[in-house]
Amino acid sequence: MYHNQNTRIMNIQLIRNATMVVEYAGKKMLVDPMFSKKGTLARGPMPAKDWNWKKNPNNDLPLPIEDIIKDIDFVFLTHLHFDHWDKAAEEALPKDIKIFVQDENDRKVIAKAGFTNLEILSENSKFEDIQLSRTKAQHGKGFILKLAGQVTGMVMQHPSEKTLYIAADTVWYEEVENTITKFNPEVIVVNGGDNRFVIGDQLIMSKEDIYKTHQAAPLADIVVVHMEGVYHNTLTRQALRQFVNQKLISNSIIIPEDGETIQL
């Protein structure tokens with residue numbers, strides 16, 4: 001495990017949904033780019049919160065695509081669902097940019113789109129002097145998990161930085177707890193929109209899952225993203241703020257708006 005000597009300031013900018021730009025150890029990483037304009041993506045399965053078949057995403061990007069991808073050093077794709085990777089991102093990114101994917105199936109899909117600098121994330125990957133460790137994730141509960149498919153998270157470590165854990169699309173379960181125990185991250189990013197469809201259980205973290213994450217890592221800053229970006233999100237920022245205030249943990253839970261940059 002890394003021991004931080006001269007801790008830098010980490011910047012995490014939420015773009016929209018799960019799309020983020022993370023500045024870490026002097027490098028810029030783009031996570032799960034969904035660049036489509038408001039209402040231009042498929043409706044997908046019917047969301048749980050209403051019976052209207054609306055198109056995604058809910059909102060436009062908070063800044064131009066060219067500004068988002070400027071000086072990006074590498075990309076991390078947790079999985080390839082439409083709200084984490086879309087045609088607009090495929091068209092905007094340079095084909096030689098470094099991209100980490102979760103498995104061979106995803107690598108083939110991204111390679112077919114013309115990208116040439118691909119690597120399957122492992123438990124011992126690197127980008128220059130940044131340590132990257134693949135982590136397990138569970139994209140749902142019950143039968144919906146089989147439909148959701150595979151996803152991976154990642155831990156980032158560097159001697160001059162706080163340890164960062166990007167949990168990705170996962171519910172709270174034992175492997176999230178195991179990752180926290182193993183790496184002791186000081187910053188955790190969770191996808192917390194409590195996404196649901198009309199049938200089936202949750203797909204990503206609920207407010208109760210976020211609270212369990214805090215209980216497992218009470219000293220960590222927990223940044224909650226993947227909120228209000230697509231129509232099957234059911235947990236709003238306002239509802240989560242009310243919940244964390246009631247639990248007296250608002251100092252530990254950070255809920256950024258689209259376009260907002262958090263310094264940690």
Side-chain angles (χ1 to χ4, degrees), residues 13-24 27-45 55-123 125-128 130 132-137 139-140 146-154 156 166-170 189 191 195 203-204 225-226 229-232 258:
Q13 183 179 30
L14 172 62
I15 303 302
R16 180 185 59 186
N17 203 54
T19 306
M20 300 180 291
V21 174
V22 179
E23 294 185 46
Y24 191 92
K27 301 298 178 184
K28 291 180 72 173
M29 173 181 68
L30 175 65
V31 181
D32 286 353
M34 174 182 64
F35 289 159
S36 294
K37 294 180 180 179
K38 177 182 178 180
T40 60
L41 290 177
R43 294 172 175 87
K55 287 191 173 184
N56 292 295
N58 286 348
N59 312 298
D60 276 318
L61 291 168
L63 62 162
I65 293 174
E66 55 267 28
D67 291 349
I68 298 170
I69 66 174
K70 183 180 180 182
D71 299 326
I72 292 295
D73 294 292
F74 67 105
V75 179
F76 171 43
L77 301 180
T78 64
H79 63 308
L80 303 184
H81 285 174
F82 76 90
D83 56 336
H84 296 256
W85 174 255
D86 63 2
K87 188 71 173 178
E90 178 185 311
E91 292 174 349
L93 289 167
K95 291 298 186 283
D96 61 349
I97 194 167
K98 179 74 173 187
I99 302 179
F100 288 92
V101 297
Q102 66 165 332
D103 57 23
E104 179 61 19
N105 287 333
D106 285 10
R107 190 199 68 77
K108 288 179 179 178
V109 171
I110 303 303
K112 189 174 181 180
F115 291 90
T116 58
N117 190 3
L118 307 176
E119 182 175 336
I120 297 172
L121 186 68
S122 73
E123 287 74 24
S125 294
K126 283 183 177 289
F127 184 82
E128 296 187 6
I130 302 172
L132 308 175
S133 301
R134 176 192 176 102
T135 63
K136 295 180 179 179
H139 196 353
K146 292 184 179 180
L147 300 177
Q150 296 295 316
V151 61
T152 191
M154 182 170 70
M156 302 178 71
I166 299 173
D169 272 9
T170 187
V189 178
N191 293 354
N195 291 19
L203 286 155
I204 60 175
V225 301
H226 208 316
V230 288
Y231 277 107
H232 57 300
D258 291 357

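The analysis underlying the following values was restricted to heavy atoms, covering all of them including side chains, and did not include hydrogens, waters or symmetry mates.
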Phe127 vs Phe74 aromatic rings, parallel, tilted or perpendicular, using cut-offs 30° and 60°? parallel
Using 0.5 Å steps for rounding, measure from the OG1 atom of Thr19 to the CD1 atom of Ile68. 7.5 Å
Is there side-chain contact between Leu61 and Phe35, with at least one heavy-atom pair below 4.5 Å? yes
So, Asn191 side chain and His226 main chain: donor-acceptor pair closer than 3.5 Å or not? no
Does any N or O in the side chain of Gln102 come within less than 3.5 Å of the main-chain N or O of Gln150, such that one atom is a donor and the other an acceptor? yes
Is a side-chain N or O of Lys28 found less than 3.5 angstrom from the main chain of Lys70, in a donor-acceptor match? yes
Any donor-acceptor pair under 3.5 Å from Thr170 side chain to Ala167 backbone: no
Would you say the side chain of Val31 lies within less than 4.5 Å of the side chain of Ile166, judging by non-hydrogen atoms? yes
Heavy atoms of Met34 and Asp83 approach each other most closely as SD-CA, 3.4 Å
If you look at every heavy atom in Thr135 and Met154, which pair is closest and at what distance? OG1-N, 3.2 Å
What's the shortest heavy-atom distance between Ala137 and Gly153, and which atoms? CB-N, 4.4 Å
Atom NZ of Lys136: over 12 foreign heavy atoms under 6.0 Å: no
Hey, does Val189 have a side-chain heavy atom less than 4.5 Å from the side chain of Met20? yes
Could you tell me whether the side chain of Lys27 and the main chain of Ile130 form a donor-acceptor pair under 3.5 Å? no
Would the Phe115 and Trp85 ring centres measure less than 6.0 Å apart? yes
Kindly give the heavy-atom pair with the smallest separation between Lys95 and Glu90, and that separation in Å. NZ-O, 3.1 Å
Applying side chain to side chain contact (heavy atoms under 4.5 Å, CB included) to Thr40 and Lys37, what does each step give before you reach the verdict? CA-CA 6 Å; Thr40 60; Lys37 294 180 180 179; 3.9 Å; yes
If you take all heavy atoms of Pro33 and Leu93, which pair is closest and at what distance? CG-CD1, 4.2 Å
Asp96 versus Thr116, side-chain donor and acceptor atoms under 3.5 Å: no
If I compare all heavy atoms of Ile120 with all of Ser125, which pair ends up nearest, and what's the gap? O-OG, 4.1 Å
Residue pair Leu132, Met156: steps toward the side chain to side chain contact (heavy atoms under 4.5 Å, CB included) verdict: CA-CA 5 Å; Leu132 308 175; Met156 302 178 71; 3.8 Å; yes
If I take atom CG from residue Asp106 and atom OG1 from residue Thr78, how far apart are they, to the nearest 0.5 angstrom? 9.0 Å
If the condition is side chain to side chain donor-acceptor pair (under 3.5 Å), which residues does Arg134 pass it with, not counting sequence neighbours? none
Side-chain contact test, heavy atoms from C-beta onward, threshold under 4.5 Å: evaluate it for Lys98 versus Asp73 and give yes or no. no
Let me see the working for Val22 and Phe76 under side chain to side chain contact (heavy atoms under 4.5 Å, CB included), right down to the final yes or no. CA-CA 10 Å; Val22 179; Phe76 171 43; over 6 Å; no
Looking at side-chain heavy atoms only, is the closest gap between Ile97 and Asn117 below 4.5 Å? no
Show your working on side chain to side chain contact (heavy atoms under 4.5 Å, CB included) between Ile15 and Gln13 and close with a plain yes or no. CA-CA 6 Å; Ile15 303 302; Gln13 183 179 30; 3.8 Å; yes
Hey, is the main chain of Ser36 close enough, under 3.5 Å, to the side chain of Asp86 for a donor-acceptor pair? yes
Can a donor-acceptor pair be found between the side chains of His84 and Asp32 at a distance below 3.5 Å? yes
Looking at CD1 of Ile99 and CG of Leu118, how far apart are the two atoms once the value is rounded to the nearest 0.5 Å? 5.5 Å
For Arg16, does its backbone N or O pair with a side-chain atom of Asp258 as donor and acceptor, under 3.5 Å? no
